[in-house]
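Step one of this worksheet: look at the structure below.
Just so it is clear, the structure is predicted and the values come from calculations on it, not from any experiment.
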Amino acid sequence: QVYLVESGGGLVQAGGSLRLSCAASGRTDNNYAMGWFRQAPGKEREIVGAISSSGSSTYYAGSVKGRFTISRDNAKNTMYLQMNSLKPEDTAIYYCAAALGHLVPVAKGAYNYWGQGTQVTVSS
């Protein structure tokens, strides 16, 4: 079992930055790819980006590419999402997730464990 806790959400003006963290505990043997998803009101949960277990490979959704950066510190069992140039359409609950294996899964169904989410609100 892997437990995930997100932090770092909040209210920010358009153009601003936030850094989200996802702390993992439990069976953290680092054989997990991890991902960030988000869900806006009335919309489906969508992938923001993902990172391989080693951190050497990443994936970004087109809507955030060039603005968001995913990283992880396996020594601290923590994944990060640096969000720059935020837009009102980035407003959502952001979730971190972990998937068994080393590759970079994109589909929600590939993820085995989920955090509770953290709210990000970008004002115009």
Side-chain angles (χ1 to χ4, degrees):
Q1 181 71 28
V2 176
Y3 303 93
L4 304 171
V5 178
E6 303 94 337
S7 61
L11 173 64
V12 64
Q13 287 190 327
S17 298
L18 279 176
R19 188 175 84 152
L20 305 184
S21 298
C22 172
S25 61
R27 186 181 173 181
T28 55
D29 54 7
N30 294 324
N31 289 326
Y32 294 91
M34 298 187 76
W36 286 101
F37 289 76
R38 66 185 182 187
Q39 188 166 17
K43 293 190 176 182
E44 293 285 323
R45 190 173 299 189
E46 63 177 5
I47 190 166
V48 174
I51 188 166
S52 61
S53 59
S54 68
S56 61
S57 297
T58 55
Y59 165 85
Y60 295 96
S63 58
V64 307
K65 206 167 189 178
R67 299 188 297 124
F68 292 9
T69 302
I70 294 175
S71 61
R72 65 189 293 170
D73 184 339
N74 285 341
K76 296 182 178 179
N77 295 320
T78 301
M79 175 179 64
Y80 305 97
L81 180 65
Q82 178 67 44
M83 304 186 293
N84 299 329
S85 303
L86 282 161
K87 305 175 181 179
E89 51 263 44
D90 294 317
T91 295
I93 299 174
Y94 283 70
Y95 300 88
C96 70
L100 287 166
H102 303 280
L103 301 180
V104 183
V106 176
K108 291 191 296 290
Y111 287 82
N112 308 97
Y113 305 103
W114 292 84
Q116 293 300 307
T118 185
Q119 176 71 48
V120 171
T121 303
V122 184
S123 64
S124 57

Which residues pass the side-chain hydrogen bond (donor to acceptor under 3.5 Å, both in side chains) test with [X], sequence neighbours left out?
X: Ser57; answer: none
X: Glu89; answer: none
X: Ser56; answer: Ser54

Item to check | pair Tyr80-Asp73: side-chain heavy atoms closer than 4.5 Å | outcome: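 Of all side-chain heavy-atom pairs linking Asp73 with Tyr80, at least one is under 4.5 Å.
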Item to check | disulfide bond (SG atoms under 2.5 Å apart) contacts touching residues 68-124 (sequence neighbours left out) | outcome: Cys22-Cys96
Qualifying residues under side chain to side chain contact (heavy atoms under 4.5 Å, CB included), relative to [X], sequence neighbours excluded:
X: Ala24; answer: Val2, Leu4, Thr28, Asn77
X: Val122; answer: Val12, Ala14, Leu86, Pro88, Asp90, Thr91, Val120
X: Thr58; answer: Ile51, Tyr60
X: Arg45; answer: Phe37, Gln39, Tyr95, Lys108, Trp114

Next on the checklist: Test of understanding: clusters of I, L, V, M, F, W, Y form through side-chain heavy atoms closer than 4.5 Å, transitively. Do Trp36 and Leu100 belong to the same one?
Outcome noted: yes
Next on the checklist: Do Ile47 and Tyr113 sit in one hydrophobic cluster, given that two such residues count as connected whenever their side-chain heavy atoms are within less than 4.5 Å of each other, even indirectly?
Outcome noted: no
Checklist entry - For Leu11, which fellow cluster members are found when Ile, Leu, Val, Met, Phe, Trp and Tyr are connected by side-chain heavy-atom distances below 4.5 angstrom, either directly or through intermediates? => result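 Members alongside Leu11: none; it stands by itself.
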Checklist entry - In the hydrophobic clustering that connects Ile, Leu, Val, Met, Phe, Trp and Tyr at side-chain heavy-atom distances below 4.5 Å, which members other than Val5 occupy its cluster, ordered by chain and number? => result none
Of all heavy-atom pairs between [X] and [Y], which one has the smallest distance, and what is that distance?
X: Gly8; Y: Leu18; value: O-CD2, 3.8 Å
X: Ser53; Y: Gly101; value: CB-O, 4.0 Å
X: Pro105; Y: Ala99; value: CG-CB, 3.7 Å
X: Ala97; Y: Tyr111; value: CB-CD2, 3.4 Å

Checklist entry - Under the 3.5 angstrom rule, does the side chain of Arg67 hit a backbone N or O of Ser85 as a donor-acceptor pair? => result yes
Checklist entry - Do any N or O atoms from the side chain of Glu6 and from the backbone of Gln116 form a donor-acceptor pair under 3.5 angstrom? => result yes
Separation between [atom1] of [X] and [atom2] of [Y], rounded to the nearest 0.5 Å:
X: Leu20; Y: Ser7; atom1: CG; atom2: OG; value: 7.5 Å
X: Met34; Y: Leu81; atom1: CE; atom2: CG; value: 11.5 Å
X: Ile70; Y: Met83; atom1: CD1; atom2: CE; value: 11.0 Å

Checklist entry - With Glu46, which residues qualify under salt bridge (Lys or Arg N to Asp or Glu O under 4.0 Å), at least two apart? => result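 Arg38.
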Next on the checklist: In terms of relative ring orientation, are Phe68 and Tyr94 parallel, tilted or perpendicular, with 30° and 60° separating the classes?
Outcome noted: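 Ring orientation of Phe68 relative to Tyr94: tilted.
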Item to check | Selection residues 9-24 - residue pairs positive for side-chain hydrogen bond (donor to acceptor under 3.5 Å, both in side chains), sequence neighbours left out | outcome: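 For residues 9-24: Ser17-Asn84.
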